[in-house]
Amino acid sequence: MNLDRALMVGLGAGVAILYTAIIFAFFDGTDSENRLLYLTAIGIPLGIGFFAAPRVGLYLLGALVYSIDWLSEYWQLIPREATWLVDLLILLFALRYGLTFFSAKHSVFAAEKAILALLVFAVLSALMNGETLATTLVGLRVGFRYLLLFLAAAGLHPSSESSSKYIRFLFLIGLIQTPVILWQWQFTNWISEDDMYGTFGRGQTPGIALFILVLYCYLIAKMIEEKRIRLWYLCAMAWMLVGPILGEAKFFFLLLPLFLVFMVRAEFIRRPAVAFLLSLLGVLMIFVADYVIVESGVWREAATH
């Protein structure tokens with residue numbers, strides 16, 4: 001059964017890639033109106049496929065959010081208009097989320113309420129400060145895409161097994177950033193730390209650091225829950241630390257100890273040994289990162305350019 005499902009997914013992906021490649025082939029030498037027409041030709045079957053298999057659409061959206069700008073801007077493998085597919089998928093998820101939000105089966109999590117309140121506040125704040133609706137929507141698209149991605153996942157009511165699989169998928173994205181950033185740092189003439197953006201796209205160095213910070217918090221929370229320090233978790237955290245160091249994400253190193261203290265605050269009473277080890281781990285990571293930064297001189301060299 002799993003083999004049949006894998007074959008169907010592979011066949012569907014192959015057809016989608018072939019269809020998209022054919023449509024993109026018409027982009028060269030065409031005006032903007034025709035490009036929108038071709039993009040619509042991609043969007044219609046994409047929308048149909050999304051509502052038929054929304055969980056596949058969630059994986060596709062996760063992959064595109066963290067790579068499509070890079071593929072378009074740096075590698076130029078796809079035209080710029082293709083980046084709008086992310087917005088199209090987010091719009092479809094928002095539509096589906098809105099349709100299921102008021103249903104009796106939809107139980108609203110506390111995190112959903114906080115995100116929805118934040119979105120309402122952001123929209124009202126922008127409009128009250130004289131921003132146009134179009135500008136506000138563009139701002140939400142850039143600054144809130146990760147929150148919208150979370151709402152999209154929550155709206156599917158995933159099981160524990162499905163959630164675990166998707167979290168592993170996100171960790172795969174996080175782990176991939178390190179070799180990409182090392183390649184960008186070693187084999188290019190870039191002198192700005194803002195160009196250490198991995199697969200996220202130009203100017204997204206803070207976005208990578210924020211993404212990795214969330215993954216860090218998840219691993220720390222898991223160790224607290226499991227009441228043990230896992231070597232694999234520590235290795236993954238050390239591996240992903242390369243991005244914030246080379247990207248000079250100072251807020252990463254400022255917020256990580258605060259988040260760590262917040263998460264272990266109750267453990268100092270219930271499990272003081274675990275809390276102490278985790279706190280020591282956080283302090284040790286800060287000192288190691290500081291030593292690497294000072295000895296390599298990367299941040300000082302960047303400041304001289």
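FYI, side chains are in, hydrogens and waters are out, and symmetry mates aren't considered; it's all heavy atoms of this structure.
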Should [X] and [Y] count as side-chain neighbours, where that means a heavy-atom distance under 4.5 Å?
X: P244; Y: K250; answer: no
X: L241; Y: F253; answer: yes
X: R55; Y: Y166; answer: no

Between [X] and [Y], is there a shared hydrophobic cluster once you connect ILVMFWY residues whose side-chain heavy atoms come closer than 4.5 Å?
X: L127; Y: F121; answer: no
X: W183; Y: Y197; answer: yes
X: I208; Y: W75; answer: yes
X: W232; Y: F169; answer: yes
X: V120; Y: L118; answer: no

Heavy-atom pair with the smallest gap, counting every atom of [X] and [Y]:
X: W239; Y: L175; value: NE1-O, 2.9 Å
X: F93; Y: P54; value: CZ-O, 3.7 Å
X: G198; Y: Q177; value: CA-OE1, 3.4 Å
X: A153; Y: P158; value: O-CD, 3.3 Å

Problem set entry | side-chain contact (heavy atoms from CB on, under 4.5 Å) evaluation trace for R228 with Y233 | CA-CA 11 Å; R228 58 184 300 187; Y233 290 175; over 6 Å; no
Exercise. Which class fits the ring pair Y74 and W70: parallel under 30°, tilted 30 to 60°, perpendicular over 60°?
Worked result: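 Y74 and W70: parallel rings.
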For residues 209-224, which side-chain N or O atoms pair as donor and acceptor with protein atoms under 3.5 Å away, sequence neighbours left out?
residue, atom, partner, partner atom, Å
Y216, OH, M237, O, 2.2

Exercise. Would K227 and E225 pass as an ion pair if we require N to O under 4.0 Å?
Worked result: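 A salt bridge is absent here (no side-chain N lies under 4.0 Å from a carboxylate O).
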What is the distance from atom [atom1] of [X] to atom [atom2] of [Y], rounded to the nearest 0.5 Å?
X: N129; Y: T136; atom1: CG; atom2: OG1; answer: 9.5 Å
X: L156; Y: L58; atom1: CG; atom2: CG; answer: 5.5 Å
X: E73; Y: D69; atom1: CD; atom2: CG; answer: 5.0 Å
X: L61; Y: Y59; atom1: CG; atom2: OH; answer: 12.5 Å

Exercise. Does a donor on one side chain sit under 3.5 Å from an acceptor on the other, for T132 and T135?
Worked result: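 Yes, T135 and T132 have a side-chain donor paired with an acceptor closer than 3.5 Å.
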Exercise. Is the closest side-chain donor-acceptor distance between E112 and Y97 under 3.5 Å?
Worked result: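 Judged by distance alone, the side chains do pair up.
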For this session: Test L64 against L71 for side-chain contact (heavy atoms from CB on, under 4.5 Å), laying out the working first.
Result: CA-CA 9 Å; L64 290 178; L71 295 175; over 6 Å; no
For this session: Take S159 and S162 through the side-chain hydrogen bond (donor to acceptor under 3.5 Å, both in side chains) test and state the conclusion after the steps.
Result: CA-CA 5 Å; S159 62; S162 298; 3.1 Å; yes
Problem set entry | Full working for side-chain contact (heavy atoms from CB on, under 4.5 Å) between Q204 and R202 | CA-CA 6 Å; Q204 287 296 315; R202 192 172 302 278; over 6 Å; no
For this session: Keeping the roles fixed (side chain from S67, backbone from T199), state whether a donor-acceptor pair exists under 3.5 Å.
Result: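 Side chain of S67 to backbone of T199, a donor-acceptor pair under 3.5 Å: no, none is there.
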Problem set entry | Check: M196 main-chain N/O paired with T205 side-chain donor or acceptor under 3.5 Å |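 Here the side-chain-to-backbone pair exists.
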For this session: Pick out which of I173, V180, T178 makes a side-chain contact (heavy atoms from CB on, under 4.5 Å) with I176.
Result: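 By the side-chain contact (heavy atoms from CB on, under 4.5 Å) criterion, I176 pairs with just one of I173, V180, T178: V180.
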For this session: For this output row, return yes or no: ring centroids of F259 and F262 closer than 6.0 angstrom.
Result: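 No: the rings miss the under 6.0 Å criterion.
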